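Worksheet for the structure shown next.
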Amino acid sequence: MSYFSELALQFIDGEWRGGSGSWDIVDFNPYNGEKLASITVATVEEVDLAYRTAERAQPEWGATNPYARRSVFERALRIIEDREKELSETIIAECGGTHVKAGFELYLAKEFLREAIHLALRPEGRILPSPVDGKENRLYRLPVGVVGVISPFNFPFLLSLKSVAPALALGNAVVLKPHQNTPVCGGGLVARVFEEAGLPAGLLNVVVTDIAEIGDALIEHPIPKVISFTGSDKVGRHVATVAASHFKRTVLELGGNSALVVLDDADLDYAVDAAVFSRFVHQGQVCMAANRVLVDRAVEREFTERFVAKVETLKVGDPVDPTTHIGPLINEGQAEAITQLVDQTIAEGATALVRGRTEGTLMGPTVLSGVPEGSAILGQEIFGPVVTLIPFDGDDEAVRIANDTDYGLSGAVHTADIERGVRFAQRIHSGMIHVNDSTVHDEPIVPFGGEKHSGLGRLNGESMIEEFTTTKWISIQHGRSQFPF
């Protein structure tokens, strides 16, 4: 895994360098505990250097012909295509992702780069009429300048690229801070791809560090105008509060507590397949994952039997093995916390139809039924291979249960009647919901984001222009204005 020895560094102003902090972030393989790399953390001074470097490099890039800018993303796409095997191996080693997960992440990363190629040409100006004679009103779409990006550990390569590539394509510079559990996939790999693609030095800087070292310096710094954060709602709330106090815009893609709903006329075999994928892909460490599977009582027994039978076929183990469905959680602390949550829920009266064992970071799939109303597990994002089955009587009760959460990211509904499904979907308080599919979807041109505690703003497609550019009004008086004094 040469990428770990090569890329376990800070990347500032086009140079790979060590941090100057007093301690190291140690990067472990979550499956076998192998030490992959150690990185001396960046300090507040290095964060400042990264932002000032970005600020210095951005004006020339922003003035560059967008046709020239997009060539960088064309080359970046080819690099990923040429090195897909090595990138996949790195994702599996650092994230504990299975081959399916790594393939899914790289497929979407390529799709988002293809969209970035087009995005460079999409900002448009406007000329608006004026009630004042001789006045011409021009509206310009301009880069915001510098964007700060904070990415998570679950899909680090994709979710870093998802903000970094559009921000760069639209003429901005970026400072990226990857999650400390995935500094290479979320940071070093992204920098290396753009470095080799010919992105001018200083436009993308990567700082590997932690709040224990830098506090809120990444958010408070006066240079970035937008902070794009993907992670938990708890941290997202803090990011939003600090950013707002410094008059910065935020794009927050936060947690979820999605429901996959099975109506009484659903294709049960298909609904089972969709539900199992929606919950257990990447061990459930997906913000869009279906924490809750809601099933109409008319089909509850039959669905449950088939669902449990399917879950029991899932193989838990080494993610390097192509036949593995469920690999490790990101660390033992996460596995222990979820195991305790399951124990608590069973003590409250729930029944474990499937009870997976926890060994280190490995946690087998668990299916809970009969969860008492008000149990903590129903109201939170689980982020592990645990699912609750909840019966309901009729569509109205299903809507009530699905909406009974502080989150509103994704969801799904299964029914033989498409328009019934659409009517149901319209009543769910979420940013995204899918009829007859899984809860886990992301597409480059479709607005992605949530309601309630699941975030603010939208990513993808035209939404990127809204988030990473600013509108400037320039008026021209071709005649002479009349003034009252």
Side-chain angles (χ1 to χ4, degrees), residues 1-54 83 86-87 89-97 102 105 148-161 163-164 174-196 199 201-219 221 229-231 235 328-334 361:
M1 291 295 173
S2 60
Y3 278 133
F4 293 103
S5 59
E6 294 174 11
L7 305 181
L9 293 164
Q10 315 292 335
F11 184 70
I12 300 174
D13 202 10
E15 295 183 358
W16 297 94
R17 50 188 286 172
S20 60
S22 59
W23 56 284
D24 290 353
I25 286 173
V26 181
D27 190 12
F28 291 103
N29 179 315
Y31 173 69
N32 59 24
E34 175 192 357
K35 178 182 175 181
L36 301 171
S38 62
I39 305 173
T40 303
V41 294
T43 61
V44 171
E45 290 74 22
E46 282 154 335
V47 169
D48 177 68
L49 176 62
Y51 273 132
R52 296 197 183 281
T53 296
R83 301 187 187 172
E86 295 96 319
L87 293 172
E89 290 173 351
T90 306
I91 289 170
I92 291 169
E94 187 174 58
C95 307
E105 182 164 4
V149 176
I150 305 170
S151 65
F153 68 79
N154 57 340
F155 282 78
F157 186 66
L158 168 65
L159 295 180
S160 291
L161 271 178
S163 287
V164 168
V174 174
V175 172
L176 166 65
K177 191 200 88 66
H179 194 280
Q180 55 267 36
N181 286 128
T182 50
V184 172
C185 289
L189 278 182
V190 177
R192 173 55 58 84
V193 167
F194 279 111
E195 179 189 37
E196 294 191 8
L199 183 72
L203 290 171
L204 174 59
N205 303 277
V206 176
V207 289
V208 179
T209 189
D210 185 82
I211 194 170
E213 176 70 29
I214 65 167
D216 289 326
L218 200 80
I219 310 167
H221 198 283
F229 170 82
T230 304
V235 179
L329 296 180
I330 194 63
N331 55 51
E332 288 193 15
Q334 182 80 355
T361 56

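What you see is a predicted model, and the numbers here were worked out from it, not measured in a lab.
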State, to 0.1 Å, how close I92 and A102 come at their nearest heavy-atom pair, and which atoms those are. CG1-CB, 4.1 Å
Considering non-hydrogen atoms only, spot the tightest contact between T40 and G21 and give its length. CG2-O, 3.2 Å
Backbone N or O of L329 within a donor-acceptor pair of the Q334 side chain at under 3.5 Å? no
Could you check whether any side-chain N or O of Y51 sits under 3.5 Å from a backbone N or O of L218, counting only pairs where one atom can act as donor and the other as acceptor? yes
Partners meeting ring-ring contact (aromatic ring centres under 6.0 Å, His included) with F157 (sequence neighbours left out): none
Would the distance check show the side chain of Q180 and the main-chain N or O of V208 forming a donor-acceptor pair, the cut-off being under 3.5 Å? no
E213 side chain to D210 backbone, donor-acceptor under 3.5 Å: no
May I ask you to decide if P30's main-chain N or O and N331's side chain share a donor-acceptor pair within less than 3.5 Å? no
T361 vs I330, side chain to side chain contact (heavy atoms under 4.5 Å, CB included): CA-CA, chis, key distance, verdict: CA-CA 7 Å; T361 56; I330 194 63; over 6 Å; no
Selection residues 12-47 - residue pairs positive for ring pair (Phe, Tyr, Trp, His ring centres under 6.0 Å), sequence neighbours left out: F11-W16
To the nearest 0.5 Å, what is the distance between SG on C185 and CZ on F153? 13.0 Å
Please name the pair of heavy atoms, one in E105 and one in I91, separated by the smallest distance, quoted to 0.1 Å. OE1-CG2, 3.7 Å
Please tell me if the side chains of V184 and D27 come closer than 4.5 Å, counting only heavy atoms from C-beta onward. yes
Which pair of heavy atoms, one from S151 and one from P156, lies closest together, and at what distance? OG-O, 4.5 Å
Has the side chain of E46 got a donor or acceptor atom that lies under 3.5 Å from a matching backbone atom of G19? no
Min side-chain heavy-atom separation E15-T53 under 4.5 Å: no
Non-hydrogen atoms of I12 and A50 that approach each other most closely: CG2-CA, 4.0 Å
Kindly indicate whether the side chain of I214, heavy atoms from C-beta on, has any atom under 4.5 Å from the side chain of V41. no
Go through N154 and L159 one step at a time and tell me if the side chain to side chain contact (heavy atoms under 4.5 Å, CB included) criterion holds. CA-CA 9 Å; N154 57 340; L159 295 180; 3.7 Å; yes
Show your reasoning for whether side chain to side chain contact (heavy atoms under 4.5 Å, CB included) applies to R52 and H221. CA-CA 10 Å; R52 296 197 183 281; H221 198 283; 4.2 Å; yes
Trace of the side chain to side chain contact (heavy atoms under 4.5 Å, CB included) decision for F4 with E34: CA-CA 12 Å; F4 293 103; E34 175 192 357; over 6 Å; no
Looking only at non-hydrogen atoms, find the nearest pair between P178 and G187 and report the distance. CB-N, 3.7 Å
When you measure from the side chain of S160 to the backbone N and O of G186, does any donor-acceptor pair fall under 3.5 Å? yes
Could you tell me whether a side-chain N or O of T209 sits under 3.5 Å from a main-chain N or O of A42, the two making a donor and an acceptor? yes
Determine the sole option in L189, I39, T90 for which the side chain to side chain contact (heavy atoms under 4.5 Å, CB included) test with L7 is passed. L189
Distance check, rounded to the nearest 0.5 Å: R17 atom CZ versus L49 atom CG? 5.5 Å
